Amino acid sequence: MDARNQYLKVLQERYLMAKSRKEKSSILDEYCKNTGQNRKYTIRKIRLSLPLHPKKRIRRQIYDGYVRAALAEAWEIFDYMCGQRFKPILKEQVDNLRERRELRISDEVAEKLKRISPKTIGRKLKHQKEVLRRKRKYHRVNNPLIYQKIPVRAGDWDRSLVGQVQIDLVEHCGSSASGQFINSVSTVDIATGWWEGE
């Protein structure tokens with residue numbers, strides 16, 4: 001086996017240097033005739049013994065840092081929308097934002113913002129979304145004991161029964177819970193539409 005492998009290494013160099021398909025075929029014929037090995041097996045051995053260095057695809061960057069910064073600024077102006085909803089608004093409103101000087105960007109960046117796809121918006125705003133999540137005060141905590149004690153229903157209301165209410169609590173504190181602020185509680189009866197606010 002060792003002798004075969006050494007012989008294959010010698011022929012492999014000739015095989016790789018061969019210019020034509022006919023020349024490669026004659027090298028394979030010679031090896032198979034001298035060793036008695038199968039032709040397909042020999043080809044597979046030659047290919048497997050090659051050092052594989054896959055070429056890295058270098059993507060041409062269309063949306064650079066200027067586009068990313070402008071996108072993040074516009075995203076904040078339009079209250080942090082998802083990419084699918086943000087794309088059509090960007091297409092329509094980029095020129096308006098520039099006229100009002102809320103977005104100071106070049107014509108080239110403006111055109112790129114109008115063309116950007118929803119998926120690319122999501123990729124380009126990934127870092128900003130992570131930062132925003134860290135700044136948020138509350139994180140959802142699943143507590144099964146609370147759900148067992150308080151019946152919570154979402155969506156499948158029996159609209160004929162009076163007394164089923166939807167309650168919302170809003171803290172009017174902005175992005176920070178420090179200092180004094182107001183909480184509002186709104187209660188809506190689903191059947192009658194009666195609303196109480198406090």
Side-chain angles (χ1 to χ4, degrees), residues 59-198:
R59 293 182 94 170
R60 190 171 53 95
Q61 190 175 22
I62 299 168
Y63 305 108
D64 55 9
Y66 294 111
V67 176
R68 192 180 297 125
L71 186 66
E73 207 173 322
W75 186 55
E76 188 178 347
I77 291 168
F78 288 106
D79 203 24
Y80 311 108
M81 288 183 174
C82 69
Q84 285 79 11
R85 290 180 61 207
F86 190 37
K87 163 100 178 114
I89 288 174
L90 260 181
K91 197 173 186 178
E92 293 173 9
Q93 297 297 324
V94 164
D95 292 330
N96 292 340
L97 291 172
R98 290 179 73 199
E99 283 173 22
R100 293 184 183 140
R101 298 194 181 272
E102 290 183 47
L103 206 59
R104 295 170 190 261
I105 53 174
S106 67
D107 292 339
E108 184 186 349
V109 172
E111 285 306 312
K112 286 179 180 179
L113 284 177
K114 290 178 190 176
R115 285 195 323 254
I116 195 166
S117 72
K119 282 193 173 187
T120 307
I121 289 172
R123 281 197 307 271
K124 295 295 175 186
L125 293 174
K126 187 179 177 184
H127 176 70
Q128 280 80 3
K129 286 178 183 177
E130 287 171 3
V131 169
L132 194 65
R133 256 185 236 115
R134 274 188 242 122
K135 283 184 181 175
R136 283 200 180 133
K137 186 175 57 154
Y138 297 114
H139 300 284
R140 183 176 174 190
V141 177
N142 289 330
N143 189 341
L145 294 175
I146 291 175
Y147 293 120
Q148 287 171 10
K149 291 183 179 185
I150 304 168
V152 175
R153 180 179 293 159
D156 58 334
W157 303 101
D158 183 358
R159 295 183 183 277
S160 62
L161 291 173
V162 177
Q164 292 189 26
V165 294
Q166 180 175 345
I167 301 172
D168 293 312
L169 171 73
V170 179
E171 291 182 333
H172 304 277
C173 61
S175 60
S176 171
S178 63
Q180 294 183 346
F181 53 88
I182 297 171
N183 290 328
S184 62
V185 178
S186 69
T187 308
V188 181
D189 185 282
I190 300 301
T192 62
W194 182 267
W195 177 84
E196 289 281 334
E198 189 76 27

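All of these numbers come straight from a predicted model, not from anything done at the bench. Keep in mind that the numbers below use all heavy atoms, side chains included, and drop hydrogens, waters and symmetry copies.
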What's the spacing between I182 CD1 and C173 SG if we round to 0.5 Å?
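Answer for the CD1-SG pair, I182 versus C173, is 11.0 Å.
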Going from NZ on K119 to CD on Q84, what distance comes out if it is rounded to the nearest 0.5 angstrom?
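Answer for the NZ-CD pair, K119 versus Q84, is 9.0 Å.
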Without placing hydrogens or testing angles, list every side-chain donor-acceptor pair under 3.5 Å for residues 85-98, not counting sequence neighbours.
| from | atom 1 | to | atom 2 | distance (Å) |
| --- | --- | --- | --- | --- |
| K87 | NZ | K114 | O | 3.1 |
| K87 | NZ | I116 | O | 3.3 |
| Q93 | OE1 | N96 | ND2 | 2.9 |
| D95 | OD1 | K114 | NZ | 3.1 |
| D95 | OD2 | K114 | NZ | 2.9 |
| R98 | NE | I105 | O | 3.4 |
| R98 | NH1 | D107 | OD1 | 3.1 |
| R98 | NH2 | I105 | O | 3.2 |
| R98 | NH2 | D107 | OD1 | 2.6 |

Which residues share a side chain to side chain contact (heavy atoms under 4.5 Å, CB included) with [X], sequence neighbours left out:
{"X": "D79", "result": "none"}
{"X": "Q61", "result": "R68, K124"}
{"X": "V188", "result": "W195"}
{"X": "A72", "result": "L125, Q128"}

Partners of [X] by side chain to side chain donor-acceptor pair (under 3.5 Å), sequence neighbours excluded?
{"X": "S184", "answer": "H172"}
{"X": "E196", "answer": "W194"}
{"X": "S117", "answer": "T120"}

May I ask you to decide if G163's main-chain N or O and D189's side chain share a donor-acceptor pair within less than 3.5 Å?
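Yes; judged by distance alone, with no hydrogens or angles, the pair exists.
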Report yes if the side chains of E102 and I77 come closer than 4.5 Å at any heavy-atom pair, otherwise no.
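Touching, per the 4.5 Å side-chain cut-off.
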[X] atom [atom1], over 12 foreign heavy atoms within 6.0 Å:
{"X": "Y66", "atom1": "OH", "answer": "no"}
{"X": "L169", "atom1": "CG", "answer": "yes"}
{"X": "E76", "atom1": "CD", "answer": "no"}

Who pairs with E108 by salt bridge (Lys or Arg N to Asp or Glu O under 4.0 Å), at least two apart in sequence or on another chain?
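With neighbours one apart ignored, the set is K112.
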Exercise: identify the closest heavy-atom pair between A70 and L103
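Answer, listing the atom of A70 first, then L103: O-CD1, 3.8 Å.
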So, for A191 and S160, which heavy atoms are closest and what is the spacing to 0.1 Å?
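Taking every non-hydrogen atom into account, CB-C, 4.5 Å.
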May I have the step-by-step check of side-chain contact (heavy atoms from CB on, under 4.5 Å) for V185 and D168, ending in yes or no?
CA-CA 6 Å; V185 178; D168 293 312; over 6 Å; no
